[in-house]
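Worksheet: the structure to be examined is printed underneath.
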Protein chains: 2
Amino acid sequence: MSRTRTSHGRTGRPPVTSRAQILTAAREIIDRDGWEKLTIRRLAAEIGIGPTTLYHHVRDKKELLLLLLNDYLGQVEHPPLPDDPRDRIIVATTAMHDAGAAWPWVVETATTDGFVALLDESALWMVEVILAAAEDYGCTPAQAVYIFRCIWYYTAGEIIVRANTASRRAGDLGPFSLSDLDASQVPHLAAIGDSWGDVAQADTYVDGLCALVDGLLAQATSAKP
Amino acid sequence: MSRTRTSHGRTGRPPVTSRAQILTAAREIIDRDGWEKLTIRRLAAEIGIGPTTLYHHVRDKKELLLLLLNDYLGQVEHPPLPDDPRDRIIVATTAMHDAGAAWPWVVETATTDGFVALLDESALWMVEVILAAAEDYGCTPAQAVYIFRCIWYYTAGEIIVRANTASRRAGDLGPFSLSDLDASQVPHLAAIGDSWGDVAQADTYVDGLCALVDGLLAQATSAKP
DNA sequence: ACCTGAACACCGTTCAAGT
DNA sequence: ACCTGAACACCGTTCAAGT
C-alpha cells in the first residue's frame, strides 16, 4: 500500500511516474480545467508520458478516481464536534457536504451503496462520527447505518443538483419560464410561477438536513423499524 | 409544438423521421440495450438514417433526453391520492421515486435546480400534488417549494445510489470488505463490519421519506424559516 | 520492469455538398 | 427542405513490440 518507490538503486534517476505524482497531476488538471477535463489521455500528457504508460500504475479510470477520492477525503479537516449527538451529526454531515460541494465529482465515485468499503480509514472519520453519534443517541447499529444512508442520499442529491445548476448557469438553457403554465392544470405551480427561481436560489441544505435528522431520530427512538 | 407532419402533399410517402419515431426508437434502445447505449449514432442506426440527419429533428443530445423525459413522465400513471396532506405527499413522492427508479437515467436530466421549468404540464402533476398538499397543510408557497426541493434531493440521491449499486452488482468491484478496518480508528464502523452489506440491502426509501417529510412539516408549522 | 506507438471501437457535433 | 458522407476533436483500453 504505502511502499515508497522514490528511488530504486544507485542510478539516482527519480521514477518518472509514481502514484503520488499521478494524483498531484490529476488534481492540477481538475483545479485548472475542471473535473470533466480529467481524462486518462490528458493526465498522461500533463505528466509527459504516453497514455498507455498510465495503465502500469493504475488499473482503470475508476481506480484512479477512487485513489483521488481517498486522497482528497483524507485531507478534509476535522471540525470541532459538539457534545450533543444530534448536533454532532449535523456538524459532521455538513463537513461531508462541504467537501463534496467543493469537489462535486466525488459523488460520481461515492454514489454506490457500499462505497464505504472502498475507503481508507482516514477518509471514513465522517461516517464514524455519524454512526457513533446515532448510537450515543440510543440507536442500534442497524438504525445508525440506516440513518447514515438516508443522510447520504439527501446530501448526494443536493450536491449533484448544486453542481449541475452551477454548470447550467454558465450555459445554454433559457433563463426560466414557469410563468406560461396552464393554471387549470397546475394551479399551485402556476401561482408560484417565476418566483420559484428566487426561492430555489436560497441555500437551504442545512435546514433540510436538520428536518431529516430530527425526523430520523424521532423515528428511531419511538419504534424500531 | 404538436404540429403533425405525418404527410406533406400527395406523395403519400411517410416521412422517414419524425419526433415520435425518434422517441420510440430511443425507448426501444433503452429497453433493449440499457440506457448507456443510447447514443446519437446508435439511435440513427436504429432508425436507419445517418447520424447527422438526426440533427435536423433534434438540436442536441440534451434536447433529445428532455423530449424523452417529458414523454416518459407524461405516461406515468396517477395513483389514487389520500385525503391527508401528509400522506398525499408520501404517495405522490413515492410515485415519482418509482418512476425514476424504473428509468434511472431521468435523474441525469432532472438533477438541475429549475428543471421543473423544462417540463410539460403533463409531467408536472407530481410537483403540483406535493406543492398543493404542503399548502393544504398550512405551508406558504415558498415553504412548499423548499419542501419539494428537499424531497427531491433525497429522492434523486436514493435513485442514483440504487442505479449505481445495481450496475455494480453485475460488475467489477470485490464482494465487500469492511471487516479489516482498524478498530482503534473507526470503532463503530469496525463493529458493524460486514453486516453493513446486509443492512444496506434493505429498501428503506419510504421509511426515510416519512422521516424527512415529518421533519419538514414539523419545521414549517413551528416557525417560519 | 517499464515504457512505447499504433490500433480498436467508440463518442457528439459540424460542415460543405448533394437531391 | 431534407438528407448525406467525410471529417474534427475527442474518449477508454488493449496489445505486440521495444529498451
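Atom set for the values below is all heavy atoms of this structure, side chains included, hydrogens, waters and symmetry mates excluded. Every chain is numbered from 1, with letters handed out A, B, ... down the list of sequences.
- Protein atom CD of B:Glu63 is 15 Å distant from nucleotide atom C1' of C:dT13, rounded to whole Å.
- The ring pair (Phe, Tyr, Trp, His ring centres under 6.0 Å) search around A:His188 returns none, not counting sequence neighbours.
- Comparing atom distances between the B:Tyr55 side chain and each of D:dT4, C:dT13, D:dT13 picks out C:dT13 as nearest.
- At distances below 3.5 Å, at least one donor-acceptor pair connects side-chain atoms of B:Glu121 with backbone N or O atoms of A:Asp182.
- Looking only at atom types and distance, the side chain of A:Thr155 has a donor-acceptor partner in the side chain of A:Tyr205 under 3.5 Å away.
- Within the nucleic acid shown, A:Arg59 has no heavy atom closer than 4.0 Å to any nucleic acid atom.
- Using a 4.5 Å heavy-atom cutoff, the side chains of A:Tyr146 and A:Leu216 are in contact.
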Enumerate the protein-to-nucleotides 17-19 of chain D contacts in which both atoms are nitrogen or oxygen and the separation is below 3.5 Å.
none

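- Pairing each heavy atom of A:Asp71 with each of A:Arg27, the nearest pair is OD2-NH1, 3.5 Å.
- Distance check on atom C1': D:dA16 versus C:dC3 gives 13 Å, rounded to whole Å.
- When all heavy atoms of A:Leu67 and A:Arg19 are compared, the pair lying nearest together is CD2-NE, 3.4 Å.
- Every ring pair (Phe, Tyr, Trp, His ring centres under 6.0 Å) that B:Tyr72 has, sequence neighbours left out, goes to B:Trp103.
- Contacts between residues 23-41 of chain B and DNA chain C, defined by a heavy-atom separation under 4.0 Å, are made by B:Thr39, B:Ile40, B:Arg41.
- Protein atom CG of A:Leu54 is 13 Å distant from nucleotide atom P of D:dC11, rounded to whole Å.
- Nearest nucleotide to the A:Lys61 side chain, out of D:dT4, C:dT13, D:dG12: D:dG12.
- Neither OP1 nor OP2 of D:dC2 sits under 4.0 Å from any side-chain N or O of B:His57.
- Of all the heavy atoms in A:Ala134 and A:Ile89, the pair that sits closest is N-CD1, 4.2 Å.
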Before giving the answer on side chain to side chain contact (heavy atoms under 4.5 Å, CB included), spell out for A:Glu158 and A:Thr204 the whole-Å C-alpha distance, their side-chain angles and the decisive distance to 0.1 Å.
CA-CA 10 Å; A:Glu158 204 271 354; A:Thr204 55; over 6 Å; no

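- Rounding to whole angstrom units, CZ of residue B:Arg42 and C1' of C:dG12 are separated by 15 Å.
- Taking atom CD1 on A:Ile49 and atom P on C:dT4, their separation rounds to 6 Å, with Å as the unit.
- As rounded to the nearest Å, D:dC11 and C:dC8 have C1' atoms that lie 12 Å from one another.
- Stem regions annotated for DNA chain D: C:4-8 with D:12-16, C:12-16 with D:4-8, counting only runs of 3 or more consecutive pairs of Watson-Crick or G-U type with both contacts under 3.5 Å.
- In terms of heavy atoms, A:Cys150 sits closest to B:Gly208 at SG-CA, 3.7 Å.
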Do any side-chain atoms of residues 30-39 of chain B form donor-acceptor pairs under 3.5 angstrom with protein atoms, and if so which ones, sequence neighbours left out?
from    : atom 1 : to      : atom 2 : distance (Å)
B:Arg32 : NH2    : B:Glu46 : OE1    : 2.8
B:Arg32 : NH2    : B:Glu46 : OE2    : 2.7
B:Thr39 : OG1    : B:Arg42 : N      : 3.0

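- Between A:Thr52 and C:dT4, a side-chain N or O to OP1/OP2 separation shorter than 4.0 Å is absent.
- You'll find the side chain of B:Pro187 reaches within 4.5 Å of the side chain of A:Glu128, heavy atoms only.
- Counting to the nearest Å, the C1' atom of D:dC15 and the NE2 atom of A:His56 are 10 Å from each other.
- Protein atom CG of A:Asp60 is 9 Å distant from nucleotide atom C1' of D:dT13, rounded to whole Å.
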